[in-house]
Amino acid sequence: MAAKLDGEIVNADAFQLYRGLEIVSATPSKEEFGIRPHHLYGVLDPTESADAQLYVKLAKPVIEEIQSRGKTPVVTGGSGLYLKFLTHGAAPLPTGDPALRAEMEECPLEDLVAKLTALDPVEASRTALQNRRFVSRALEICLLSGQKASDLRDGWEKQTAEISSQLRGIVIQRTRPDLHARIAQRTRMMLDGGAIEEVAALKDVSTNCEKAIGFREIRALLAGEIDRATCEDLINAATRQYAKRQESWFRREKWLEPYTA
RNA sequence: GGCCCGAUAGCUCAGUCGGUAGAGCAGUGGAUUGAAAAUUCACGUGUCGGCGGUUCAAAUCCGUCUCGGGCCA
């Protein structure tokens, strides 16, 4: 598509942003990099933590620069949340605070729910209260901003319909058997192609970076906790589940047209 | 050839004193605005290996056959 549009590729994959994770994250090959210019691959050190806001900060200038040269940015990936931020903008919310998060980690979930309910009952009523992540984030917004998360988030939701009418994109669809076969092939190629050595070589990684599918599984293999076949099975299952979540996410993005491969 | 153990959901296995079965994982669907390759919610009919017997009633007891695994020859 990039070739057809005289375009340049911009990565929107949370893990292909990192250096040193090329094999595990299935970063494009040297040959693929040669076909069209690629941007935002391997731009973060594994010790750094990324988030959706940082991604937008990285991607916006790159996209604008491509456009200024008269080329078409072809954004591709990966993370639904990162893409959503890029395409629909960020709500005026405070950035996550590691210290506060660490503090909240120590609290039982019910305490966090109680605090959120006291500070912002509206947000509490529309948050999945079993989901520690979501509860923590909503509470974090209240605590850091001194305002109600529900108020801050409401404004943002009104803008999105307008923005999405200007977007153009496709979402590739495959049958489940085809998808699963491709995932199995991809995992096999990774493990045979240096993924184990790649993970062994990474020493200090951020808690963010170590969530890459394959990282923990290969660490367990290196530690002798599981064998190679089990490692492969675990990576396959995690990848299938991720692919399914991507399908759910992108199905809701009405501006994306389905493309059957 | 003889003896012992096993056979229950796609996989690994539970299943009390007989009352027609349930967990984990996998799978399927959903949620999702600064951790997102993360996090989270919902969904469990399967000749209980086959055949026969006992019983009001068998995954459960008895017999036999088949297939695994082990021990002895």
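In this text the structure is predicted, and so the values were computed from the model without any measurement. To find a chain, count down the sequence lines: A is the first, B the second, and so on, and within it residues start at 1.
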Output, in order, the C-alpha distance, side-chain angles, deciding distance and verdict of side chain to side chain contact (heavy atoms under 4.5 Å, CB included) for Ile218(A) and Leu222(A). CA-CA 6 Å; Ile218(A) 291 173; Leu222(A) 289 166; 4.0 Å; yes

Which nucleotide sits closest to the side chain of Arg186(A): rA37(B), rG34(B), rU40(B)? rA37(B)

When you measure from the side-chain N and O atoms of Ser79(A) to the phosphate of rA37(B), is any distance below 4.0 Å, counting only OP1 and OP2? yes

OP1, OP2 of rA37(B) versus side-chain N and O of Gln241(A): anything below 4.0 Å? no

If we take the [atom1] atom in both [N] and [M], what is their distance in whole Å?
N	M	atom1	answer
rU47(B)	rA9(B)	P	8 Å
rA14(B)	rG6(B)	C1'	15 Å
rC65(B)	rC4(B)	P	13 Å
rA38(B)	rA26(B)	P	12 Å
rC13(B)	rG53(B)	P	32 Å
rC62(B)	rU45(B)	P	30 Å
rA23(B)	rG68(B)	P	33 Å
rG52(B)	rC48(B)	P	13 Å

I need the [atom1]-[atom2] distance between [X] and [N], as an integer number of Å.
X	N	atom1	atom2	answer
Tyr82(A)	rA37(B)	OH	C1'	10 Å
Leu83(A)	rA36(B)	CG	P	13 Å
Leu17(A)	rA35(B)	CG	C1'	14 Å
Arg133(A)	rA38(B)	CZ	P	9 Å
Tyr18(A)	rA35(B)	OH	P	12 Å
Leu44(A)	rA37(B)	CG	P	14 Å
Phe15(A)	rA35(B)	CZ	P	12 Å
Arg126(A)	rC41(B)	CZ	C1'	19 Å

Is the ring centre of Tyr41(A) less than 6.0 Å from the ring centre of Phe33(A)? yes

Side chain to side chain contact (heavy atoms under 4.5 Å, CB included), that's the test. Do Ser145(A) and Leu93(A) meet it? Break it down for me. CA-CA 8 Å; Ser145(A) 69; Leu93(A) 306 176; over 6 Å; no

Indicate yes or no: does [X] engage [Y] in a salt bridge with an N to O separation below 4.0 Å.
X	Y	value
Glu65(A)	Arg69(A)	yes
Asp154(A)	Arg126(A)	yes
Asp178(A)	Arg182(A)	yes

If you draw a 6.0 Å radius around CD in Gln173(A), do more than 12 non-hydrogen atoms from other residues or ligands fall strictly inside? yes

List in numerical order all residues of [range] for which some heavy atom is under 4.0 Å away from an atom belonging to RNA chain B.
range	result
residues 96-115 of chain A	Gly96(A), Arg101(A)
residues 209-218 of chain A	Lys211(A), Ala212(A), Ile213(A)
residues 46-62 of chain A	Ala50(A), Asp51(A), Ala52(A), Gln53(A)
residues 225-238 of chain A	none
residues 135-148 of chain A	Arg137(A), Ile141(A)

With syn defined as a glycosidic angle within 90 degrees of 0 and anti as anything else, the base of rG34(B) is syn

Pick base, sugar-phosphate or nothing for Thr207(A), based on heavy-atom distances below 4.0 Å to the nucleic acid. nothing

Partners passing side-chain contact (heavy atoms from CB on, under 4.5 Å) against Gln53(A) (at least two apart in sequence or in another chain): Asp51(A), Thr95(A)

Holding to side-chain contact (heavy atoms from CB on, under 4.5 Å), I want the full list of residues that pass it with Arg251(A), two or more places apart in sequence or in another chain. Glu247(A)

Are the side chain of [X] and the backbone N or O of [Y] linked by a donor-acceptor pair below 3.5 Å?
X	Y	answer
Arg153(A)	Ala91(A)	no
Gln16(A)	Gly42(A)	no
Glu198(A)	Glu22(A)	yes
Glu105(A)	Glu103(A)	no

Strand RNA chain B in bracket notation, Watson-Crick/G-U under 3.5 Å with | for pairs to another chain: (((((((..((((.....[..)))).(((((.......))))).....(((((..]....)))))))))))).

Derivation and outcome, side chain to side chain contact (heavy atoms under 4.5 Å, CB included), residues Asp120(A) and Ile141(A): CA-CA 10 Å; Asp120(A) 189 348; Ile141(A) 292 167; over 6 Å; no

Restricting to side-chain hydrogen bond (donor to acceptor under 3.5 Å, both in side chains), what partner residues turn up for Asp192(A), sequence neighbours left out? Arg228(A)

Hey, which sits more toward the 5' end of RNA chain B by its nearest nucleotide, Phe250(A) or Val24(A)? Phe250(A)

Indicate, yes or no, whether a donor-acceptor pair under 3.5 Å links the base of rA37(B) to the side chain of Asp13(A). yes

Evaluate the side chain to side chain contact (heavy atoms under 4.5 Å, CB included) criterion for residues Leu191(A) and Glu232(A): first the C-alpha distance (whole Å), next the side-chain angles of each, then the deciding distance (0.1 Å), finally the verdict. CA-CA 8 Å; Leu191(A) 290 173; Glu232(A) 191 168 333; 3.8 Å; yes

Check whether the side chains of Glu8(A) and His39(A) place a donor and an acceptor atom closer than 3.5 Å, and report yes or no. yes

Asn236(A)-Thr187(A) side chain donor-acceptor pair, cut-off 3.5 Å: yes

Residues pairing under side chain to side chain donor-acceptor pair (under 3.5 Å) where one sits in residues 205-219 of chain A, two or more places apart or in two chains, turn out to be Tyr18(A)-Asn208(A)

Apart from Ile23(A) itself, residues in the same hydrophobic cluster as defined by side-chain heavy atoms under 4.5 Å: Met190(A)

Polar-atom pairs under 3.5 Å, protein N or O versus N or O of nucleotides 29-31 of chain B: list them with distances, or write none.
unit_1: rG29(B); atom_1: OP2; unit_2: Arg176(A); atom_2: NH1; d: 3.0
unit_1: rG29(B); atom_1: OP2; unit_2: Arg176(A); atom_2: NH2; d: 3.0
unit_1: rG30(B); atom_1: OP1; unit_2: Arg251(A); atom_2: NH1; d: 2.5
unit_1: rG30(B); atom_1: OP2; unit_2: Ser248(A); atom_2: OG; d: 3.0
unit_1: rG30(B); atom_1: OP2; unit_2: Arg251(A); atom_2: NH1; d: 2.7

